[in-house]
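Taking it in order: structure first as structure tokens, then the write-up.
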Number of protein chains: 2
Amino acid sequence: MAKGRPREFDTEEALDKAIIVFWRKGYRGTSLDDLTEAMEINRPSLYAAFVDKERLFLSAIDRYRSKFLAPPTKKLINASSLREGLPEFLKGMGAVILNDETPPGCMIACLLSEECCDSAAIKGKLLDSIALADSTFQPIFEKHKAELAPGIDPATAARLLTTALHGMAIRARAGGGKRDLVRISSGLVRALLCG
Amino acid sequence: MAKGRPREFDTEEALDKAIIVFWRKGYRGTSLDDLTEAMEINRPSLYAAFVDKERLFLSAIDRYRSKFLAPPTKKLINASSLREGLPEFLKGMGAVILNDETPPGCMIACLLSEECCDSAAIKGKLLDSIALADSTFQPIFEKHKAELAPGIDPATAARLLTTALHGMAIRARAGGGKRDLVRISSGLVRALLCG
DNA sequence: GCAATAATGTACTGACTGGTATATAATAGA
DNA sequence: TCTATTATATACCAGTCAGTACATTATTGC
């Protein structure tokens with residue numbers, strides 16, 4: 001097996017560190033020096049493991065999705081009702097986009113949207129993330145259709161939820177407080193669910 | 001009056017051209033060469049008229065707000081009911097963030113949110129824009145409070161509207177179609193207004 | 001121990017960045 | 001016409017960027 005000198009770092013740990021840098025400084029705002037310092041590896045190792053800056057960024061986005069966004073989403077999928085599951089989900093997502101451990105905002109909403117007009121790969125990742133969110137939420141709303149406010153169909157509810165999350169991420173990025181996010185979350189629940 | 005050689009360009013026209021470049025490529029993605037080419041002025045003229053790149057960007061944001069965002073908003077303020085005014089407003093904003101003449105998305109939602117962790121001035125502009133939107137919408141919802149869905153107070157409705165607009169801008173930026181924006185707009189109206 | 005292989009560390013490259021120095025041209029007032 | 005003032009045009013600067021060449025070190029298979 002594995003010939004040659006063994007890698008001295010763990011690629012997932014390095015990717016986790018890259019996430020934090022990109023998350024705070026953005027794609028263009030992050031330099032290779034920023035990355036190598038944070039990841040504690042040198043340039044050739046970075047290029048050997050992650051191809052180039054854009055591929056590293058896209059890998060970081062993928063890992064960000066599974067590490068930060070997937071867990072609250074899974075709990076929503078498994079919730080027995082929207083009335084219980086939706087507020088908990090929004091609380092979980094609120095904790096992702098605003099907390100003391102990680103930079104404010106959402107990598108997808110706040111970072112991809114600026115960069116996406118320049119790179120087809122980044123634009124594809126953003127469109128794909130939105131489509132994934134919509135198509136994850138829609139069957140959940142189908143399942144609990146009876147709880148939806150009259151006039152709100154599951155497909156529309158799913159898109160409204162995705163859209164509101166992106167807007168909340170921007171607000172967190174701007175420095176908006178937890179209180180505002182909570183108000184928006186609970187307002188959204190009241191707007192989407194019946195009585 | 002005006003001593004010295006007269007300026008050979010109109011500053012507002014030049015700013016309008018700068019808006020388009022920044023809107024498409026973002027703050028960091030736009031170079032001085034991009035700007036001077038689009039604005040059809042040379043570097044020293046740009047610096048004499050707009051101080052530096054960041055100040056030019058902030059000026060472009062201000063003009064973008066008054067040129068693109070203010071007109072639909074004024075119509076909403078003057079509308080006689082939410083039932084009529086809100087769909088028209090959303091249609092107008094949809095036309096701003098997605099049309100054939102200008103780049104997709106919103107300069108505030110899509111551009112400021114990436115950059116804002118690096119520059120206090122840009123972060124301030126984003127937070128200020130959000131606060132302005134909230135405080136513009138809130139009295140409108142107060143005025144037509146009777147039209148709001150039960151359980152949705154004016155302050156919350158205002159924040160939900162601002163938040164949804166930002167999310168819609170991101171969707172447009174990603175390449176989402178007009179159809180999706182229309183669906184989200186009409187869903188939002190149904191969610192916010194009563195019966 | 002001896003190749004072959006692959007990661008590491010250093011130093012480098014050409015391209016591009018935002019910003020400016022210098023010289024020239026055009027105006028107003030005298 | 002002369003001077004003061006301001007815009008324009010060209011060329012330039014130091015710094016930074018993403019990416020890489022090269023020499024070295026550590027491992028596997030023989």
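Every chain is numbered from 1, with letters handed out A, B, ... down the list of sequences. For the numbers below, each heavy atom of this structure counts, side chains included, while hydrogens, waters and symmetry mates do not.
Proximity of B:Leu76 to B:Phe137: side-chain heavy atoms (C-beta onward) are separated by under 4.5 Å at one or more points. Annotation: side chain of B:Gln138 is in contact with side chain of B:Arg159 (closest heavy-atom distance under 4.5 Å). With contacts defined as side-chain heavy-atom distances shorter than 4.5 Å, the pair B:Asp153/B:Phe141 does not qualify.
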Check nucleotides 5-7 of chain C against the protein and report each pair of N or O atoms closer than 3.5 Å, with its distance, or say if there are none.
from, atom 1, to, atom 2, distance (Å)
C:dA7, O4', A:Arg5, O, 3.2

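Rounded to whole Å, the distance from CE on B:Met39 to P on D:dT8 is 11 Å.
A cation-pi arrangement, defined by a distance under 6.0 Å to the six-membered ring centre and an angle within 45 degrees of its axis, is present between A:Lys53 and A:Tyr27.
A:Asn42 has no side-chain polar atom (N or O) that falls below the 4.0 Å cut-off from OP1 or OP2 of C:dT8.
Using a 4.0 Å cutoff on non-hydrogen atoms, no part of residues 22-30 of chain B comes near DNA chain D.
At a cut-off of 3.5 angstrom, the base of C:dG9 holds no donor-acceptor pair with the side chain of A:Arg43.
Salt-bridge formation is detected for the pair B:Arg28/B:Asp118: a Lys NZ or Arg NE/NH1/NH2 atom is positioned less than 4.0 Å from an Asp or Glu carboxylate oxygen.
Applying the side-chain contact (heavy atoms from CB on, under 4.5 Å) rule to A:Thr36 yields the partners A:Asp33, A:Arg43, A:Leu46; only residues at least two apart in sequence or on another chain are considered.
Nearest heavy atoms, B:Tyr64 versus B:Gly105: OH-O, 4.3 Å.
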